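Heads up: the structure comes next, in structure tokens.
Predicted, not measured: the structure shown is a model, and the values here were computed from it. All heavy atoms count here, side chains included; hydrogens, waters and symmetry mates do not.
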Amino acid sequence: MIFPTNGSRTDGLCAGNKIARAVFAAVFLIAAGMVSVAHSVPVSNNVPLDHWSYGALDKLAGFGLLRSDLHGIRPYTRMEVARLVHEALAAREEKSLKLPPLIEHFLERFQREFRDELTVYGRGDSEGAAIVTIKPIEEAQARYAFVDGKPRDFVNFGKRNGQYPWSPSGIVASEKTPLLYGNEGIVYGEGSNFSLQFSSSAKLWDLFSGYVEPILIVRQNEDPGRSLDGLSGGREHGSLGAFDQVGFDLHKGYVKFSPWNVEVEFGRDSMWWGQGYAGSLIMGNNAGPLDMLKITNPTNTLLPWVFRYLGPFKYTVFVARPDDYLNPLNPLLSGGSVNFKPLPWLELGFETAFLMNGEDRPSTSLSNYLKALFGFGFGQPNEIDQVGSFEARLRLPFLWNAELYLEYGGEDSGGEEFVEEWFGFGDVGYLTGIYLPRITPDGKTDFRFEFARTAHRVDTSPGFWYGHFIYRTGFDNDQMIVGHHIGPDAIDYFARVTRYLRNDVRMGVDFEHMVRGVSLNVVEEESNGFGADVTWDIDARWSVAARYAFQDISNFNLVRGDDQANHLLVTGVKFSF
């Protein structure tokens with residue numbers, strides 16, 4: 001269940017029901033306006049965030065084939081990918097474009113893998129939709145990972161007690177697997193690890209669908225974790241970063257109901273909000289999938305009346321219960337994101353997420369929940385813990401469709417000492433980057449640079465990103481930060497070059513420089529990381545991949561003189577049925 005059933009049991013359950021009703025009420029006004037202008041869209045499952053199609057769509061956009069794509073809310077549904085592919089094919093046909101072999105390869109691959117969904121747009125050769133469609137095994141993946149190194153911790157238990165001693169805020173989180181970011185919370189221990197996961201899907205008419213993805217992990221070593229009693233001086237109990245030698249779990253699993261262009265999803269799934277690539281300020285796939293109720297429009301649409309000038313529009317609203325949340329027990333995590341594209345070369349958006357309720361905490365009222373959801377709840381740190389950000393993505397057609405992007409946000413620490421606090425942004429963070437999709441004319445080479453900072457400044461009562469003085473476990477799910485992997489009070493530089501050696505062989509190299517403890521500790525942790533990976537699509541069904549990464553760290557975990565080197569090797573094979 002998403003809503004709490006213990007600790008302040010009656011109040012918590014009633015609050016949960018109120019919040020669920022509020023989510024539906026908030027979306028209803030938007031959805032009601034959209035139904036009149038949106039075509040009925042068949043239900044479809046989500047495309048996993050690590051799927052090849054996202055990078056391929058970026059390449060299509062780089063060659064001017066996409067106008068209505070929105071980066072800010074992912075995952076895409078399979079129908080949304082099909083819609084974008086149809087848009088790209090139509091642009092090629094309308095302009096009689098001669099495209100490089102790599103782009104033609106992607107278009108052919110899209111038409112093969114999404115042929116059923118493309119029939120809605122008059123493409124593909126499907127025999128027609130069946131009443132019930134079941135795929136017992138849709139995709140299977142096996143991975144081997146060798147880890148040499150210790151994970152970072154992000155811990156604070158109040159002033160003078162933790163890694164951020166100048167702040168009263170609390171956080172209890174771990175990196176869990178060094179050098180393996182954006183892995184949806186899958187944890188590998190020191191030494192050798194083997195994981196096996198597969199996915200199954202089903203569909204009933206054009207209204208209902210379901211998806212399950214179990215995972216089995218076998219680790220060479222288990223880890224009892226670090227004692228929170230010892231780390232906190234008795235202020236917190238339990239362990240941090242513990243895992244067993246063998247684990248079996250439902251990694252993802254959800255059901256969907258999708259009338260018109262409104263989709264209701266219930267279950268366990270991942271989300272990505274924002275424009276970043278290496279990480280996201282508020283919602284990414286650093287932590288594991290959330291158990292949640294989510295409402296969204298599965299394909300981008302136009303709003304009615306004058307609002308259609310906002311261009312393609314997408315929204316998401318969700319409410320979830322984080323896993324393994326220690327203090328207070330059983331809070332709710334909720335939020336919403338809105339993105340639109342008033343011009344083919346400009347995307348804008350806003351997102352917010354907040355923690356509320358929990359054991360021995362007062363229930364959030366319906367009016368305050370709606371204020372928070374619509375971005376007017378900042379500056380009330382005693383009731384909720386809220387983060388929010390604005391975002392923009394600018395495509396430059398005159399510069400080979402290079403893209404500049406920005407996320408700018410903050411915590412709700414309150415106060416009015418700085419201009420940002422007039423908007424509720426008490427501790428500012430931002431992420432900015434540039435993506436060059438075609439630094440060679442054939443599109444086979446691209447470059448990306450990204451900078452992120454969660455330590456812009458602190459006020460006289462400094463909080464920090466992802467932490468809070470009441471919700472003292474932080475913005476976590478299963479003890480991993482749901483936002484950017486750099487964590488609180490940090491800066492990060494990331495650069496990556498990708499080259500297609502052939503249409504079916506891709507190689508990438510990247511570099512990351514990270515500094516932690518920038519504002520709230522007298523000691524700074526500094527690290528330099530290097531990585532290289534290669535992916536080979538053997539044929540339409542089989543692909544293999546390998547990645548090696550190395551990281552050199554000084555003052556590990558903000559302890560002066562504690563230096564460390566981490567190594568990671570990951571290999572995998574994937575089969576699509």
Side-chain angles (χ1 to χ4, degrees), residues 30-31 34-49 51-95 97 99 103-104 106-126 128-129 133 201 203 205-207 209 211 256 258-263 265 271-272 294-304 308 310-316 337-345 347 349 393 395:
I30 301 173
M34 292 170 58
V35 167
S36 62
V37 296
H39 298 290
S40 178
V41 178
V43 69
S44 64
N45 289 324
N46 295 331
V47 178
L49 291 172
H51 196 263
W52 66 268
S53 60
Y54 292 104
L57 288 172
D58 286 343
K59 286 289 188 182
L60 298 187
F63 279 85
L65 297 175
L66 299 181
R67 295 170 57 88
S68 64
D69 55 322
L70 291 173
H71 284 75
I73 300 178
R74 299 186 181 189
Y76 296 160
T77 63
R78 292 184 60 87
M79 283 303 308
E80 174 63 1
V81 172
R83 188 190 68 80
L84 291 172
V85 172
H86 170 65
E87 183 177 296
L89 291 169
R92 182 188 64 175
E93 294 160 1
E94 179 182 344
K95 300 175 183 179
L97 296 175
L99 299 170
I103 305 304
E104 293 289 0
F106 283 146
L107 290 173
E108 291 172 6
R109 188 176 181 185
F110 274 122
Q111 291 178 85
R112 182 172 60 246
E113 186 162 334
F114 292 86
R115 60 185 181 275
D116 292 339
E117 290 80 10
L118 282 166
T119 58
V120 175
Y121 300 98
R123 302 180 186 272
D125 54 0
S126 175
T133 303
S201 65
K203 180 179 176 182
W205 298 304
D206 285 336
L207 290 177
S209 70
Y211 179 90
K256 285 186 175 187
S258 184
W260 305 295
N261 194 27
V262 179
E263 178 181 275
E265 177 182 339
M271 292 188 295
W272 184 288
K294 183 177 79 171
I295 303 176
T296 184
N297 55 324
T299 65
N300 304 343
T301 189
L302 293 175
L303 290 172
R308 66 188 180 90
L310 291 175
F313 172 84
K314 189 173 179 66
Y315 69 89
T316 293
S337 181
V338 172
N339 283 76
F340 52 93
K341 202 168 187 179
L343 298 166
W345 44 268
E347 177 182 346
R393 192 177 198 95
R395 185 173 294 159

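Residues T133 and D116 are not in side-chain contact: their nearest non-hydrogen atoms beyond the backbone lie 4.5 Å or more apart. Residues V47 and F114 have side chains in contact (heavy-atom distance under 4.5 Å, counting atoms from C-beta outward). L118 has its side chain out of reach of R115: every pair of non-hydrogen atoms, C-beta onward, lies at least 4.5 Å apart. For the pair D69 and L60, the minimum side-chain heavy-atom distance is 4.5 Å or more. In this structure the side chain of L70 never reaches within 4.5 angstrom of the side chain of F313, judged on heavy atoms. Here the side chains of T77 and V41 are not in contact, with every heavy-atom distance at 4.5 Å or above. For the pair Y211/N46, no side-chain contact is recorded, criterion being any heavy-atom separation below 4.5 Å from C-beta on. K256 has its side chain out of reach of P298: every pair of non-hydrogen atoms, C-beta onward, lies at least 4.5 Å apart.
Here the shortest heavy-atom pairing between Y121 and A82 reads CE1-C, 4.1 Å. Considering all non-hydrogen atoms of both residues, N261 and T299 come closest at ND2-O, 3.0 Å. Between K314 and N300, the shortest heavy-atom distance links the atoms CD-OD1, 3.5 Å. The heavy-atom pair separating A88 from L66 by the smallest distance is CB-CD2, 4.0 Å. Here the closest heavy-atom approach between residue R308 and residue L303 is recorded as CB-O, 3.1 Å. Residue N339 comes nearest to G72 through the heavy atom pair ND2-CA, 3.5 Å, listed as atom of the first residue, atom of the second, then distance.
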Check against side-chain contact (heavy atoms from CB on, under 4.5 Å), L89 and H86: CA-CA 5 Å; L89 291 169; H86 170 65; 5.6 Å; no
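Note: L310 CG to L343 CG = 10.5 Å, rounded to the nearest 0.5 Å. Atom CG of L65 and atom CG of L57 lie 10.5 Å apart (nearest 0.5 Å). From E80, atom CD reaches atom CZ of R83 across 4.0 Å, with rounding to the nearest 0.5 Å.
E117 is linked by a salt bridge (Lys or Arg N to Asp or Glu O under 4.0 Å) to R78, counting only residues two or more places apart in sequence or in another chain. With sequence neighbours excluded, no residue forms a salt bridge (Lys or Arg N to Asp or Glu O under 4.0 Å) with E113.
Looking only at distances, no side-chain donor or acceptor of S337 sits under 3.5 Å from a matching main-chain atom of Y315. Between the side chain of S44 and the backbone N or O of M79 there is at least one donor-acceptor pair closer than 3.5 Å.
Looking at E94 and R67, no side-chain N of the basic residue comes within less than 4.0 Å of a carboxylate O on the acidic one, giving no salt bridge.
Pairs engaging residues 53-85 under the ring pair (Phe, Tyr, Trp, His ring centres under 6.0 Å) rule: Y54-Y76 [sequence neighbours left out].
The aromatic rings of F110 and W52 lie tilted to each other, with the angle between the two planes from 30° to 60°.
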